[in-house]
Number of protein chains: 2
Amino acid sequence: MKKDFECTQESYAREVLREKGLKSTAQRLAVVHVLHTSRKSLSVGEIHDRVKDMLGTTGLATIYRTLEMFEGLGIVKRLHFPDGGHGYAFSQGEHVHHMVCVDCRGVFDFPECPVENFDYASVEKQGFRVKNHFIQLFGQCVKCAEAA
Amino acid sequence: MKKDFECTQESYAREVLREKGLKSTAQRLAVVHVLHTSRKSLSVGEIHDRVKDMLGTTGLATIYRTLEMFEGLGIVKRLHFPDGGHGYAFSQGEHVHHMVCVDCRGVFDFPECPVENFDYASVEKQGFRVKNHFIQLFGQCVKCAEAA
DNA sequence: TATCAAATGAGAATAATTTTCAATTGGGCT
DNA sequence: AGCCCAATTGAAAATTATTCTCATTTGATA
């Protein structure tokens with residue numbers, strides 16, 4: 001494939017894919033590029049549109065397949081919005097949390113884990129063994145706060 | 001309407017609805033009852049089926065409309081699962097968090113907020129103003145842990 | 001108990017996602 | 001550089017999920 005773009009994230013994705021014996025196709029790398037260069041999270045349709053802009057024709061099913069695969073690999077994260085919608089954001093590595101601007105759907109990463117120091121003891125009293133968590137912070141980004 | 005069931009949650013819902021000038025219909029109260037008496041979170045289809053069992057014919061659109069409304073009122077919470085699916089659980093009051101069993105989709109509430117003592121300062125340095133959060137803990141409940 | 005805005009049901013319409021399968025392609029091997 | 005083949009893709013159909021429309025019903029208030 002020809003390369004119209006280049007970035008560390010692209011090579012990161014290549015690497016993860018190769019480790020798993022998966023192919024680095026133009027479509028997959030385009031999805032990475034699109035998500036990584038967007039400051040806001042994107043819907044499936046938006047990703048599809050942007051990938052089509054890059055590569056010409058691209059099947060929607062491929063986008064779905066790629067996103068599902070990438071989510072499993074920790075390359076992208078699916079985010080849920082208060083209005084019920086959802087979108088995807090690039091996410092290098094497993095344990096990163098995200099702040100989402102409720103106005104522009106902009107995504108901001110942060111590595112600190114808010115529940116790191118939380119004592120699960122009281123919660124696990126019920127017998128529930130916590131293994132994982134999903135956290136999203138909602139609020140306003142600087143731009144949207146200024147615009148308001 | 002006739003009552004085949006009775007519980008505090010029903011009166012709680014009635015109260016919230018009345019305060020907002022919304023009607024306490026049989027369908028709405030049935031949704032509350034179904035969700036409250038289920039230890040696991042339910043999909044829209046499951047809720048529809050159970051409400052139909054209670055009331056006979058019930059439109060699917062009504063279930064969607066009710067769930068959306070209830071979510072806004074803080075009566076139910078929409079939960080998201082790692083496999084991409086989602087479900088609903090009863091949730092009395094706004095700020096309750098949930099543990100979800102990844103095996104049976106059972107839901108366990110806990111009132112302690114894991115991020116209560118988290119210092120957002122480092123995160124807000126980026127200019128982002130945190131207003132809200134969504135947290136779900138994943139793991140295994142006692143039953144599923146024993147069964148495994 | 002009459003009234004009426006709010007809510008419902010049924011099904012059509014739309015949107016979102018998955019499946020199927022023939023055609024294409026990336027990556028390893030000469 | 002060219003061959004091979006399993007992995008991947010595209011296109012369209014199929015399925016599933018959600019929303020909309022509008023005629024009919026119903027809860028709450030007087």
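Chain identifiers are assigned alphabetically (A, B, ...) following the order of the sequence lines, protein sequences preceding nucleic acid strands; residue numbering begins at 1 within each chain.
One atom, OH of B/Y88, and another, P of D/dT18, lie 7 Å apart when rounded to the nearest Å. Atom NZ of B/K20 is separated from atom P of C/dA6 by 16 Å (rounded to the nearest Å). C/dA16 atom C1' lies 8 Å from atom NE2 of A/H86, rounded to whole Å. With rounding to whole Å, B/H48 atom NE2 is found 8 Å from C/dG9 atom P. Between the CG atom of A/L22 and the C1' atom of D/dT8 there is a distance of 10 Å, given to the nearest Å. Rounding to whole angstrom units, CG of residue B/L67 and C1' of C/dT8 are separated by 15 Å. Atom CZ of B/R78 is separated from atom P of D/dA17 by 12 Å (rounded to the nearest Å). Distance CZ (A/R14) to P (C/dG26): 10 Å, rounded to an integer number of Å.
Contact annotation: A/R18 side-chain N/O to C/dG27 OP1/OP2 distance is not under 4.0 Å. Phosphate contact (OP1/OP2 of D/dG27, side-chain N/O of B/R28, threshold under 4.0 Å): absent. Here B/Q27 reaches the OP1 or OP2 of C/dG9: one of its side-chain N or O atoms lies under 4.0 Å away. In terms of phosphate contacts, B/T25 brings a side-chain nitrogen or oxygen within less than 4.0 Å of OP1 or OP2 of C/dT8.
Remark on DNA chain D: of its neighbouring residues B/E68 and A/T57, the 5'-side contact belongs to A/T57, judged by nearest-heavy-atom nucleotide.
Residue B/Y64 has its side chain nearest to D/dA17 when only D/dA17, D/dA6, C/dA6 are considered. The side chain of B/T62 has C/dT8 as its nearest neighbour among D/dG27, D/dG10, C/dT8. In the set C/dG9, D/dT18, D/dT26, the nucleotide with an atom closest to the side chain of B/V44 is D/dT18. For B/A61, whose side chain is taken as the heavy atoms from C-beta onward, the closest listed nucleotide among D/dC20, C/dA16, D/dT9 is D/dC20.
Side-chain contact, B/H86 with B/H80: no donor N or O sits under 3.5 Å from an acceptor N or O.
Residue contacts shown for A/L60 include a base, since a base heavy atom lies under 4.0 Å away.
Residue-to-nucleotide contacts include a donor-acceptor pair under 3.5 Å from the side chain of A/R65 to the base of D/dG10.
Without hydrogens or angle criteria, A/E124 side chain to A/V130 main chain gives a donor-acceptor distance under 3.5 Å.
The aromatic rings of A/F108 and B/F128 sit tilted relative to each other, their planes meeting at an angle between 30° and 60°. In this structure, A/F110 and A/H97 have tilted ring planes: the angle between them lies in the 30° to 60° band.
For the pair A/L137 and B/Y120, the minimum side-chain heavy-atom distance is below 4.5 Å.
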